[in-house]
There are 2 protein chains.
Amino acid sequence: MTAANGRASTTGSGSAGRTAADAGTTRGRAADGAPAGRGPVDDTVAAVVRQWQAVHPHIDTAPMEIIGRINRCAALLQQAEDAPLRRAGLTRPEFDVLGALRRTGHELTPGEIARETFSSGAAVTKRLKQLSERGLIERHGDTRDRRVAHVHLTDAGRDLIDRIQPEQLSYERIALSGLDGDGQQDLAALLGELLIQLEGRLGAPRG
Amino acid sequence: MTAANGRASTTGSGSAGRTAADAGTTRGRAADGAPAGRGPVDDTVAAVVRQWQAVHPHIDTAPMEIIGRINRCAALLQQAEDAPLRRAGLTRPEFDVLGALRRTGHELTPGEIARETFSSGAAVTKRLKQLSERGLIERHGDTRDRRVAHVHLTDAGRDLIDRIQPEQLSYERIALSGLDGDGQQDLAALLGELLIQLEGRLGAPRG
DNA sequence: AGCAGGTGTTTTACTTGTAAAAGATATGCG
DNA sequence: CGCATATCTTTTACAAGTAAAACACCTGCT
């Protein structure tokens, strides 16, 4: 259950949560969607940004407002998402292995699983050992190339992922429900755009 | 340098990177910004989503398209961001500690640092030990309440963070440069909205 | 005063991840 | 054929993180 980190930084991020004013918000849809009421709510990243600006009045903090928020959202969502998995006694990385096997619909080699789940081969080896001890997956060697193994879900593994995955999706839907439908679509599209750039640039060529 | 994870999952995420078509994109601004050329590029999350839809034709994959992308972006950005820090021999969590001290402008107790950086007290204890062994911070006990310690940057620590933080920001700016100015502002605003909801719901009350 | 209970920090025991090396095969080329 | 080199997976040694317990110290109440 451990090592489910929860990073949150951006250029020295973290945050407090005090203060009140308004600062790095934008035009279009922003923090002004609220009917009338109480002053603009502030996320923790905005507070951090303000602190940095007080220290270095001239810096351009735009990157922090995106990257800091991505990291912080990832951390908070992971905490929330972990709940359904915890109940099933699975870690997220383990869940990802089962998910990869389920959604591809066929056997995978450890190397393929590593690529599918963006983890190191060594980490996958460990996870596979545990998952097979729990009877959720099985492995057998390739007959042609005896270096490679093939991994597949057992019936139990398949049942488990099929039971948990919908719970997981529901959980996520609730977590995102603070954003309306349009907001969600816009956010997904923007993140997709960014991701394409990042994967092209930083991600492996991955033919 | 270790334990700088790099999670990427959403409900059994991970991804391949094959396939080509188009699927879960949205209206408004999307993957159609390219002048003419080659078919719509696809991020890895879109491919995963398609795989799931092939397996369970009726599921609503909307949450995956946001959360999966947030996680994947976070993982890729962290890799990239780590570069400048690595050169300085700092891990991200260590950098966050220095950043918190620098941006608040005053001494912090270990507990405050833990809150600022969203980490556990135990983790902070370890980081402080290392940072002080490297001469970047110093600590002294509170005279009133001898349980508490006060931590402050040394001159060396301050010089280090002041040198690295701008590099870090530049790095981040480049990483985000695939998105135009409007896209960045919209993204920051939407993430801020989401974050406010998440922090209100999942984050500690944090008065 | 004296103690029950709370708070700030560190320690302990253990889990998991990583990098690099080791194993075990495959493959290509002279 | 036979070796050098590349590939797939696992092992090894080690670095952090976590939860829970241990410490050390305050505070308030009787």
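In this text, all values refer to a predicted model and were calculated from it rather than measured experimentally. Chain identifiers are assigned alphabetically (A, B, ...) following the order of the sequence lines, protein sequences preceding nucleic acid strands; residue numbering begins at 1 within each chain. Just so it is clear, the values below take in all heavy atoms, side chains as well, and ignore hydrogens, waters and symmetry mates.
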* Asked: Got a sec: does the CZ of B/Arg134 have more than 12 other heavy atoms crowding it under 6.0 Å?
  -> yes
* To do: Name the nucleic acid region contacted by B/Gly121, choosing base, sugar-phosphate or nothing; use a 4.0 angstrom heavy-atom cut-off, strictly under.
  => base
* Between B/Arg127 and D/dG17, does any side-chain N or O lie under 4.0 Å from OP1 or OP2? -> yes
* To the nearest Å, give me how far apart CD (B/Glu94) and C1' (D/dA16) are. => 10 Å
* Are OP1 or OP2 of C/dT10 and a side-chain N or O of B/Arg139 less than 4.0 angstrom apart? -> yes
* Asked: Whole-Å distance between C/dG8 C1' and B/Leu128 CG?
  -> 13 Å
* Structure fact -> Nearest heavy-atom contact between A/Glu167 and A/Pro84 is OE1-CB, 4.3 Å
* Choosing from C/dG17, D/dA19, C/dA20, which nucleotide comes nearest the side chain of A/Ala122? -> C/dA20
* To do: Write down the distance between CZ (B/Arg86) and C1' (D/dA15), rounded to a whole number of angstrom.
  => 13 Å
* Check the distance between D/dA15's P and B/Glu133's CD and give it to me in whole angstrom. => 12 Å
* To do: Please state how far atom CZ in B/Phe95 lies from atom P in D/dA16, giving the value in whole angstrom units.
  => 17 Å
* Can a donor-acceptor pair be found between the side chains of A/Glu116 and A/Thr104 at a distance below 3.5 Å? -> no
* Counting any heavy atom closer than 4.0 Å, what does A/Thr109 reach on the DNA or RNA strands: base, sugar-phosphate only, or nothing? -> sugar-phosphate
* Asked: For A/Arg144 and D/dT7, what is the distance between atoms CZ and C1' respectively, to the nearest whole Å?
  -> 18 Å
* Asked: Within the pair B/Gln130 and D/dA15, is there a side-chain N or O less than 4.0 Å away from OP1 or OP2?
  -> no
* Starting at atom CZ of A/Arg115, determine the distance to atom P of D/dT7, rounded to an integer number of angstrom. => 11 Å
* Structure fact -> Between CZ of A/Arg146 and C1' of D/dT7 the distance, given in whole Å, is 15 Å
* Asked: Touch check for A/Ser120, heavy atoms < 4.0 angstrom, all strands: base, sugar-phosphate only, or nothing?
  -> sugar-phosphate
* To do: Please test B/Asp42 against B/Arg50 for salt bridge (charged side-chain N to carboxylate O under 4.0 Å, His left out), starting from the C-alpha separation and ending with a verdict.
  => CA-CA 11 Å; B/Asp42 227 37; B/Arg50 250 196 316 285; 2.6 Å; yes
* Asked: Under a 4.5 Å cut-off applied to non-hydrogen side-chain atoms, are B/Val97 and B/Val151 in contact?
  -> no
* Asked: Side chain of B/Lys126: nearest nucleotide among C/dA13, C/dT10, D/dT10?
  -> C/dA13
* Kindly say whether, by distance alone, the side chain of A/Arg147 makes a donor-acceptor pair under 3.5 Å with the base of D/dT7? => yes
